[in-house]
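Numbers restart at 1 for each chain; the letters A, B, ... are given by sequence-line order, proteins then strands.
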Amino acid sequence: MQHMAGTLAEKVWDAHIVRRGTDGAPDLLYIDLHLVHEVTSPQAFEGLRLAGRPVRRPDLTIATEDHNTPTLDIDRPIADLTSRTQIQTLRDNAREFGVRLHSLGDADQGIVHQVGPQLGLTMPGLTVVCGDSHTSTHGAFGALAFGIGTSEVEHVLATQTLPLAPFKTMAITVDGQLPAGTTSKDIILAIIAKIGTGGGQGYVLEYRGEAIRALSMEARMTICNMSIEAGARAGMIAPDETTFEYLKGRPHAPEGADWDAAVEYWRTLRSDDDAVFDAEVVLEAADLEPFVTWGTNPGQGLPLSGRVPVPAEIADEGERVAAERALEYMGLTPGMPLRDVAVDTVFIGSCTNGRIEDLRSVAKLIRGRRKAENVRVLVVPSSARVRLQAEAEGLDRIFLDFGAEWRNAGCSMCLGMNPDQLAPGERSASTSNRNFEGRQGKGGRTHLVSPLVAAATAIRGTLSSVADLGPDVEAPDGSPLTDTPAHLQSA
Amino acid sequence: MEKFSQHTGVGVPLRRSNVDTDQIIPAVYLKRVTRTGFEDALFAAWRGDAEFVLNQPAYATGSVLVAGPDFGTGSSREHAVWALKDYGFRAVLSSRFADIFRGNSGKQGLLAAQLAQDDIELIWKVLETAPGTEVTVDLVERQVRCADVTVPFQVDDYTRWRLMEGLDDIGLTLQHEGEITEFEQTRASWRPRTLPAKHLPPVEIRSARPVGAVHGDDALA
């Protein structure tokens with residue numbers, strides 16, 4: 001990366017350099033916020049213990065339990081002993097090292113990438129890291145946020161810094177307006193299909209353009225969340241009034257003079273008009289349709305109106321072989337319409353699409369209907385706080401009346417580290433982020449979709465969009481239901 | 001960290017692209033709290049298949065993995081590197097690595113060597129024609145040698161230096177602790193702190209129950 005301070009990413013980077021690298025050594029960057037969870041931290045804390053090192057800044061560190069936690073019977077001992085041990089290990093480490101922890105049963109427990117934003121800890125202009133690749137989510141606020149490995153978790157715990165190799169910058173501009181029934185999930189699935197799972201490697205992506213500016217904070221988080229699925233280290237969106245409005249009044253948001261100083265600085269966090277990006281990609285929002293993946297990586301996606309690819313028609317040998325393998329695993333017939341694919345399970349949740357706006361848009365679409373008979377529908381809020389809010393708005397009743405299961409918060413079936421898994425051969429439409437082989441359970445088959453496609457699919461039993469529900473059905477947005485009590489609407 | 005300058009061992013051809021870290025080690029194995037003992041978890045979903053390359057006796061003792069493009073994509077789990085190391089791999093060759101995987105490898109002394117895809121194809125041919133052939137990965141010369149194939153590979157200077165010296169990153173960084181402290185003193189007051197903790201008033205979280213479960217007083221209202 002050139003240090004002429006032009007792009008958003010470069011500005012945030014430059015503001016965090018503790019020590020510039022010389023002779024090919026990387027820059028040493030200060031880390032503003034370190035999020036911790038139970039899976040990638042035990043070995044890091046053990047490393048500190050062995051070296052006799054403390055956590056340098058417990059006051060810039062926060063932990064939660066999410067990957068392993070059950071979404072049923074959370075008030076009982078966790079049945080899986082290895083999961084129970086891992087969570088207990090985090091509790092022991094948090095106590096020993098003085099790290100704030102939100103445990104199962106606490107209102108601020110939930111997926112780590114929901115907890116940071118909802119507490120107002122995630123802000124523009126920060127460096128944010130976590131031992132989880134979906135840390136890119138926090139880039140939606142104009143933070144430089146990326147996933148790290150366990151050795152780096154230990155490094156940040158010990159030093160509150162990271163030596164970081166420079167990265168390149170890519171502008172992804174989405175012009176125009178999204179058609180009804182398409183969402184930010186469709187934008188990011190289309191981007192990944194276009195540039196490929198390796199297309200972002202070495203880059204920080206910056207999403208910009210009219211369609212991005214029009215998105216809510218939560219919809220922006222969905223896009224930045226999946227930057228890693230294009231291979232990028234991070235994704236960012238410049239902060240604006242939407243960002244400030246989301247933050248204001250949250251528990252850890254700055255107050256008084258600090259708020260004013262922060263906003264003044266945050267307004268400077270945009271790429272300069274003459275900034276030069278190392279690569280640029282442009283999409284027309286008007287051309288987008290509801291997207292769905294057909295294969296076993298997030299780049300293998302197509303508009304839902306399309307057909308399953310025919311490998312024999314793919315010229316590139318590597319891609320052809322990959323497509324053949326994927327179709328065999330997915331149990332799909334080349335050339336069949338994607339709309340004819342019947343699913344067994346619909347999963348609505350994850351750090352990609354488990355937030356309140358996602359739950360509201362699903363609830364509006366399914367309200368007054370029953371799910372397709374043979375489909376299992378799981379609704380898993382991204383945090384306990386989101387669950388509480390959904391219940392206050394009456395969404396839980398809508399899910400239950402529909403025939404869905406309304407669960408406690410966590411990562412759940414996104415990666416199946418808890419009991420929420422697909423059986424071998426079982427097929428899902430999932431609002432999560434990865435359709436890798438076995439991701440949702442050994443032998444499970446995953447189609448990544450938006451919350452609206454998930455809801456329409458749950459109604460019809462086959463991959464469906466809002467348009468398939470009839471000409472009179474309007475595509476809902478994520479605003480509160482009109483009969484939500486007024487005092488809750490701004491919550 | 002053990003120093004790495006050159007390694008020679010049986011090469012294992014893995015003719016697949018986009019081998020993500022969920023394939024290298026499925027999530028179910030991530031529940032362990034130890035840093036070693038992950039060898040059984042490596043490529044777990046494929047190990048049951050007799051045709052899988054590591055199940056063929058000639059390759060079973062392999063220590064140099066020769067993989068397709070986009071190796072190590074997806075999840076940041078460092079367990080993927082631990083599993084490869086615990087199995088006995090010292091180097092992975094690919095034409096393209098995911099950034100996080102490459103970083104994790106460097107921290108753990110596993111060499112992620114980037115080759116041209118054409119050169120990977122040459123090495124695959126040798127290893128498939130004569131299973132059990134050894135591959136030499138020479139970090140000093142940045143060169144891979146396998147039978148009559150000699151090709152260069154890329155690795156960044158800093159990672160190469162750290163691997164050759166066997167240096168620990170935390171120790172290196174703490175040499176500059178004074179600069180870290182100095183930086184902290186300039187930190188703006190609006191930047192967040194997690195402590196003292198602030199949050200909305202505590203509320204009781206009710207537990208969801210399995211569908212159809214009857215738990216007497218526990219049942220959902």
Legend entry - Test side-chain contact (heavy atoms from CB on, under 4.5 Å) applied to B:R191 and A:D258, A:L126, A:L60, A:L33, the passing residue: A:L126

Legend entry - Side chain / backbone / both / neither for A:P58 at chain B, heavy atoms under 4.5 Å: both

Inset, instruction - Below 4.5 Å from any heavy atom of chain A, which atoms of B:T34 appear? Answer side chain, backbone, both or neither. - result: backbone

Inset, instruction - Mark yes or no for whether B:K107, through its side chain, and A:E152, through its backbone, hold a donor-acceptor pair below 3.5 Å. - result: no

Inset, instruction - Measure from the side-chain N and O atoms of A:E437 to the backbone N and O of B:Q23, and report whether any donor-acceptor pair falls under 3.5 Å. - result: no

Inset, instruction - May I have the step-by-step check of side-chain contact (heavy atoms from CB on, under 4.5 Å) for B:H176 and A:T161, ending in yes or no? - result: CA-CA 11 Å; B:H176 308 296; A:T161 63; over 6 Å; no

Legend entry - Interchain contact, A:H16 with chain B, by part (heavy-atom threshold 4.5 Å): both

Legend entry - Residue, of A:E255, A:E405, A:Q118, A:M123, that accumulates the most heavy atom pairs under 4.5 Å with chain B: A:M123

Legend entry - Side-chain (B:D99) to main-chain (A:G202) donor-acceptor, under 3.5 angstrom: yes

Inset, instruction - Flag the one option from A:E46, A:R233, A:R434, A:K442 with the top tally of heavy-atom pairs under 4.5 Å to chain B. - result: A:R434

Inset, instruction - Please determine if A:R439 and B:D20 form a salt bridge, counting it only when a charged side-chain N lies under 4.0 Å from a carboxylate O. - result: no

Legend entry - Toward chain A, the part of B:E182 with a non-hydrogen atom under 4.5 Å: neither

Inset, instruction - Over 60° means perpendicular and under 30° means parallel, so classify the ring planes of A:H102 and B:H199, tilted if in between. - result: perpendicular

